[in-house]
Amino acid sequence: MTSWKMNIPDTIKALILDMDGVLWRDSAPIGDLPAIFTRIRERGLKVALASNNATRTMDEHLDKLSGFGLTLEPWQIVSSAFAAANVLSKDFPNGGAVFIVGENGIQRALQERGFTSIIDPEDKTRPVAVVSSFDRGVTYAKLSRATLHIRAGARFYGTNPDKTFPTPEGLVPGAGAILASIEAATDVRPIIIGKPQPALMYMALEKLGTRPGETLVVGDRLETDIAAGQAAGCKTALVLSGVSTRKQAQAWQPAPDYIFDDLSSILD
């Protein structure tokens, strides 16, 4: 077996990788992903992926990875959609209707936990909660219905606060931009489930079976990926292939443990 030297210490036994901005920008891979993952496996590192992106189901995650030449197991993937379903199933053990500003991933995750997902703004069923996420089909009608439900007492959740989303053309509005519009219209702050909250990190650590101090969280966004890793007590590495810049990282407190140009740079 090839012995690969890493730009991180031998005490690191596992990686928790963000996806958007670390593995790819929309449909464009960042580096030779099959080669990168081969080198990581040959180094003996465990890997989990933890994404704030709540748009995909588990099958859709696996399909996207396959399209980039990667084969992972379902246990290796956690997302804010899965975390949101966990949280709501505890907050509302009897289930109920949930109005969703979001895509297939969060809809399916809640349905699998016994909730009724409402996405039609003309459906006036009173929900127990409103969940806002990244939604490329967002409309004024959806925002209006979400606002009315929250003002009528529905609990307000956000899968993640990412204001932007990295694409090959540049940054475009993300889930946090949608979340901000609903918050402005309701004067209600959402309960944030994904990063920077550490819930996704804890889920990934449990699946990996590693301790925080021997796990490196790799992300492209300081205020979510790095903050979540730090909140969970993990080592952190910012990659400059997505949103945050080196200048921003140098001003971030506490500073990430490492800064790399991209995921490939973690390897020699």
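What you see is a predicted model, and the numbers here were worked out from it, not measured in a lab.
Annotation: K235, atom NZ; neighbour count of heavy atoms from other residues, nucleotides and ligands within 6.0 Å does not exceed 12. More than 12 heavy atoms of other residues, nucleotides or ligands sit less than 6.0 Å from atom CD of Q248. Other residues, nucleotides and ligands contribute over 12 non-hydrogen atoms within 6.0 Å of the NZ atom of K64.
Minimum interatomic distance between P212 and G233 (heavy atoms only, all atoms of both residues): CB-O, 3.4 Å. S133 approaches A175 most closely through the heavy-atom pair C-CB, 3.8 Å. A pairwise comparison of heavy atoms in P190 and E183 identifies CD-OE1, 3.6 Å as the closest pair. A28 and P168 get closest at one heavy-atom pair: CB-CG, 3.9 Å. Between A204 and I16, the closest heavy-atom pair is CB-CD1, 3.7 Å. Taking both residues in full, the closest heavy atoms of L110 and S117 are given as CB-OG, 4.0 Å, listed atom of the first, atom of the second, then distance.
Side-chain contact check for T215 versus I12: every heavy-atom pair is 4.5 Å or farther apart. Two residues are said to be in side-chain contact when any heavy atoms from C-beta on lie closer than 4.5 Å; V218 and D18 fail this criterion. Between R145 and D123, the closest side-chain pair of non-hydrogen atoms is not below 4.5 Å. For the pair L222 and L238, the minimum side-chain heavy-atom distance is below 4.5 Å. When side chains are defined from C-beta on, P196 counts as touching P161, because their heavy atoms get closer than 4.5 Å. Looking at I226 and V217, their side chains never come closer than 4.5 Å, going by heavy atoms from C-beta outward. F260 places none of its side-chain heavy atoms less than 4.5 Å from the side chain of S241. No side-chain heavy atom of H149 sits less than 4.5 Å from a side-chain heavy atom of F156.
In this structure, E214 contributes its side chain and R211 its backbone to a donor-acceptor pair below 3.5 Å. Not a single donor-acceptor pair under 3.5 Å links the side chain of T116 to the backbone N or O of A97. Formation of a donor-acceptor pair under 3.5 Å by the D135 side chain with backbone atoms of G102 is found in this model. Judged purely by atom type and a 3.5 angstrom limit, Q76 uses its side chain to pair as donor or acceptor with the backbone of V47. For E103 (side chain) and R56 (main-chain N/O), no donor-acceptor pair under 3.5 Å exists by modelled atom type. Between the E60 side chain and the G105 main chain, no donor and acceptor come within less than 3.5 Å of each other. A donor-acceptor pair under 3.5 Å links the side-chain atoms of D257 to the main chain of T236, judged by distance alone. For the pair S144 (side chain) and Y140 (backbone), a donor-acceptor distance under 3.5 Å is present.
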Next on the checklist: Go through it in stages, so that I can follow the logic: the residues are T57 and D59, the test is side-chain hydrogen bond (donor to acceptor under 3.5 Å, both in side chains), and I'd like the CA-CA distance, side-chain angles, deciding distance and then a yes or no.
Outcome noted: CA-CA 5 Å; T57 66; D59 286 343; 5.3 Å; no
Item to check | Derivation and outcome, side chain to side chain contact (heavy atoms under 4.5 Å, CB included), residues Y258 and V239 | outcome: CA-CA 9 Å; Y258 308 96; V239 291; over 6 Å; no
Next on the checklist: With side chain to side chain contact (heavy atoms under 4.5 Å, CB included) as the criterion, how do T159 and V131 come out once you've worked through the C-alpha distance, each side chain's angles and the decisive distance to 0.1 Å?
Outcome noted: CA-CA 7 Å; T159 57; V131 177; 3.9 Å; yes
Checklist entry - Given the rule in the side chain to side chain contact (heavy atoms under 4.5 Å, CB included) test, do F165 and L171 qualify, once you have shown the distances and angles that lead to the verdict? => result CA-CA 5 Å; F165 182 78; L171 299 178; over 6 Å; no
Checklist entry - What's the verdict on side chain to side chain contact (heavy atoms under 4.5 Å, CB included) for I118 and V98, showing C-alpha distance, side-chain angles and the deciding distance? => result CA-CA 6 Å; I118 302 174; V98 178; over 6 Å; no
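Once rounded to the nearest 0.5 Å, the distance linking OG of S244 with CG of D220 reads 6.5 Å. The structure places CD1 of I266 at 6.0 Å from CG of L216, a figure rounded to the nearest 0.5 Å. A distance of 10.0 Å separates CE of M201 from CG of L208, quoted to the nearest 0.5 Å. Annotation: the span from I182 atom CD1 to D187 atom CG amounts to 13.5 Å, rounded to 0.5 Å. With values rounded to the nearest 0.5 angstrom, M19 atom CE is found 5.0 Å from S51 atom OG. Note that CD1 of I30 and CG of D20 are 8.5 Å apart. Values are rounded to the nearest 0.5 Å.
Taken together through direct or relayed side-chain contacts under 4.5 Å among Ile, Leu, Val, Met, Phe, Trp and Tyr, W75 and M203 form part of one hydrophobic cluster. Side-chain heavy atoms closer than 4.5 Å link hydrophobic residues (I, L, V, M, F, W, Y) into clusters, and following such links, even through other members, never connects L179 to I191. In terms of hydrophobic clustering, with Ile, Leu, Val, Met, Phe, Trp and Tyr side chains grouped at heavy-atom distances under 4.5 Å, I100 and F115 are assigned to a common cluster. Placement of V128 and L148 in two distinct hydrophobic clusters is found when ILVMFWY residues are connected by side-chain heavy-atom separations under 4.5 Å, directly or transitively. Side-chain heavy atoms closer than 4.5 Å link hydrophobic residues (I, L, V, M, F, W, Y) into clusters, and following such links, even through other members, never connects V87 to L205.
With L49 as the fixed residue, the side chain to side chain contact (heavy atoms under 4.5 Å, CB included) test singles out one of L15, L23, V22: L23. Remark: of the listed residues I119, I178, T139, I178 is the sole one forming a side chain to side chain contact (heavy atoms under 4.5 Å, CB included) with V101.
Ring orientation note: the planes of F92 and Y157 are nearly perpendicular, at an angle over 60° on the 30°/60° scale. Taking the six-membered ring for Trp and thresholds of 30 and 60 degrees, H61 and F82 have ring planes more than 60 degrees apart, a perpendicular arrangement.
Residues satisfying the ring pair (Phe, Tyr, Trp, His ring centres under 6.0 Å) test with W252, not counting sequence neighbours, are none. Listed by chain and number, the residues in a side chain to side chain contact (heavy atoms under 4.5 Å, CB included) with A177 are P173 (sequence neighbours excluded). D261 pairs by the salt bridge (Lys or Arg N to Asp or Glu O under 4.0 Å) definition with R246, not counting sequence neighbours.
Using a 4.0 Å cut-off between a side-chain N of Lys or Arg and a carboxylate O of Asp or Glu, D10 and R43 qualify as a salt bridge. The existence of a salt bridge linking D162 and K195 is excluded, since no basic side-chain nitrogen approaches an acidic carboxylate oxygen closer than 4.0 Å. Classification of R221 and E223 as a salt-bridged pair holds, one side-chain N sitting under 4.0 Å from a carboxylate O.
A donor-acceptor pair shorter than 3.5 Å cannot be found between the side chains of S264 and D262.
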